[in-house]
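Presented below is the structure to which this report refers.
As the structure is a computational prediction, the values presented were derived from the model and not from experiment. Lettering of chains follows the sequences in order, A, B, ..., and the numbering in each one begins at 1.
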Number of protein chains: 2
Amino acid sequence: MDVEIHIKMNEKLFVRNPEQTDLGKKIIKNSIELIQGGGFEAFTFKKLAEHIGTTEAGIYRYFENKHRLLIYITAWYWSYLQYRVVFETNNIDDPAAKLKKVIQLLTSTVLEDERVKHIDEKLLHEIIIAEGSKAYLTKHISEDNRDKLFKPYKDLCSVIAEFITASNPAYKFPHSLASTIIEAAHNQNFFMHHLPSLTDFATEKSEKNIALFIEEMVFNTIGSGH
Amino acid sequence: MDVEIHIKMNEKLFVRNPEQTDLGKKIIKNSIELIQGGGFEAFTFKKLAEHIGTTEAGIYRYFENKHRLLIYITAWYWSYLQYRVVFETNNIDDPAAKLKKVIQLLTSTVLEDERVKHIDEKLLHEIIIAEGSKAYLTKHISEDNRDKLFKPYKDLCSVIAEFITASNPAYKFPHSLASTIIEAAHNQNFFMHHLPSLTDFATEKSEKNIALFIEEMVFNTIGSGH
DNA sequence: CAAAAAAGATAGCTATACTATCATTGTTCA
DNA sequence: TGAACAATGATAGTATAGCTATCTTTTTTG
């Protein structure tokens, strides 16, 4: 099977659609590498342009500024993850099993996906962990939210909240629990590697332990066997 | 009673101790106001200097750069919160009651504390919610951590983890649960105000609901009655 | 009151975050 | 095939951010 998966992105995220040209795809690919490698603060359009072999002005034709680019790649990640969640939980009936699957997807490093050639999912996952919250922690969040830039995150949260409700219709905080486990999956990963005393995973730095911790928390919280 | 509480800060956090001079205290006070008002990205030493009526060079005599200043004020906040936690849980024997107290302190807006005149705790709390994680989400976290800049956060986490262990000595992830509830307290507050569909508090935007959500999560997770 | 510490005043330098303009190359479709 | 247009390249320029240096004036203190 030779499928290419393509995620349609909100038009407000870019000036010119990067998926439609060669340069555009290079911008995405290389910005992921540079942001992961040097951090978002040190990342500039000038460095990106030099790295690609184009000019600063060339990048600005695709993205208004580097923050929009960050929102773009995070939005892409959330859309992609939602796709994987829907795909992988399809045909599973037991809501608890669906939730387990979700937690596994949230906590585990993404494998290289052959279906998207210009995006390195592993690096992107690391960006989400270390820089993801910077996409929304700004003073212009209201405008960005009005433009629906965070819709993919919200949609993923909704899907997870539905699984929670399916597991226990009486549970009162499905959305808060969903957003909490999404954030915890990334926080605990970051802490495990950089501030290990904030976790219980210092000795065995494994993503499996994070999944175990979150699973136990979720199933005890909603009061469903696991 | 006329006590002044004074928190001794890690010397690596500053060039010259801001607590010891008038200008230093003005820098703290006004940077809290400016960061809260305009966000950390838009905050500059030049604006701060003009706001205070001093010069940019004057600020650099106290702080190496604006990021160190952010770490300073977040570290102060965590130390202050730990002080309050220790104070308010003193003489409580029931570990579950201690945990409830902690959750209340983590989720509620800080009251104006007369004992610290140059710090507006309410504004500081808002900074922690909106900018706090930017203090550690950097590429130089290892060096900063080696300099013990995040010790106050870790200490608070330890204290909470101890309450969790006291509640249920068999629970395996006290530190992870502690850091998760600290982060959740702030995330849920931020989401409630700015991305309400990520929470279940859209109709009644009250901090009490966040506390309720976290309490239920914690006590079900560690399996102790509440 | 002399010495030292702190603050003020000013200058300057490099990098970042953009915007503008014009030339070149590649594509398409009448 | 060639005119029109889209995409890219090349270059320049502006404002602000981030930081360092130096010298003078004021304030503190032993």
(request) Find the distance Asn17(A):CG to dT8(D):P and express it as a whole number of Å. (result) 12 Å
(request) Answer whether the closest heavy-atom distance between the side chains of Glu19(A) and His6(A) falls below 4.5 Å. (result) yes
(message) Looking at every non-hydrogen atom in both residues, tell me the closest pair between Met192(B) and Glu207(B) and how far apart they are.
(response) CE-N, 4.2 Å
(request) Count the heavy atoms of every other residue, nucleotide or ligand shown that sit under 6.0 Å from OH of Tyr83(B), and state whether that count exceeds 12. (result) yes
(request) Measure from the ring center of Tyr136(A) to the ring center of Phe191(B) and say whether it is less than 6.0 Å. (result) yes
(message) Output one letter per nucleotide in nucleotides 6-18 of chain C: B when a protein non-hydrogen atom lies under 4.0 Å from the base, S when only the sugar-phosphate is that close, - when neither is.
(response) SBBBB-----SBB
(request) Please examine the side chains of Val15(A) and Tyr60(A), heavy atoms only from C-beta on, and report whether any two atoms are closer than 4.5 Å. (result) no
